Amino acid sequence: MHEEKKAEREAETNVRKDWRGAEETTKEAWRKVDGESPSDHLANLGDDVSKNVGNAADDVKQNLGNAGDDMAEARDRMEGKTTDETDDPTPDLPPATR
């Protein structure tokens, strides 16, 4: 279960990074249509900063989520829970009533 969450987080992060990259490339190409000016260079720099900050934030979010999953897995192992028990949506019910 935890591995599925990690893979989902990574896929989501990659989609966001790809989107930001495509958006930045499109903006830069559009600015070059009428020639280049100092304001175009400044706008491109701003786009680079925005993309990099967004990507860094996504990486932090992904790594924090993965760390939380790793801690939950370690806790489950220490408590002797199996994967089936940690994935069970009704862990408080006795086995006969599930």
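Every heavy atom of this structure was used, including side-chain atoms; hydrogens, water molecules and symmetry mates were not. Just so we're clear, the structure is a prediction, and the values are computed from it rather than from any experiment.
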Open item on the list: For K5 and E8: C-alpha separation, side-chain torsions, deciding distance, then whether salt bridge (Lys or Arg N to Asp or Glu O under 4.0 Å) applies.
Closed with: CA-CA 5 Å; K5 285 182 181 179; E8 188 176 303; over 6 Å; no

- [ ] Only counting residues at least two apart or in another chain, list the ones meeting side-chain contact (heavy atoms from CB on, under 4.5 Å) with R16.
- [x] E12, R20, D58, K61

Task: Partners meeting side-chain contact (heavy atoms from CB on, under 4.5 Å) with K27 (sequence neighbours left out) - done: E23, R31, D47

- [ ] Applying side chain to side chain donor-acceptor pair (under 3.5 Å), name anything that partners N66, two or more places apart in sequence or on another chain.
- [x] R9

Task: side-chain contact (heavy atoms from CB on, under 4.5 Å) partners for S37, two or more places apart - done: S39, D40

Task: Sequence-distant partners of E36, side chain to side chain donor-acceptor pair (under 3.5 Å), two or more places apart - done: H41

Open item on the list: Starting from L64 and following side-chain heavy-atom contacts under 4.5 Å between hydrophobic residues (I, L, V, M, F, W, Y), which residues can be reached?
Closed with: V60

Open item on the list: Could you list the cluster mates of V33? Members are the ILVMFWY residues connected by side-chain heavy atoms closer than 4.5 Å, either directly or through other members.
Closed with: W30

- [ ] Mind checking salt bridge (charged side-chain N to carboxylate O under 4.0 Å, His left out) for K17 and listing every partner two or more places apart, or none if nothing turns up?
- [x] D59

Task: Co-members of V49 in a cluster of I, L, V, M, F, W and Y side chains, linked at under 4.5 Å - done: V53

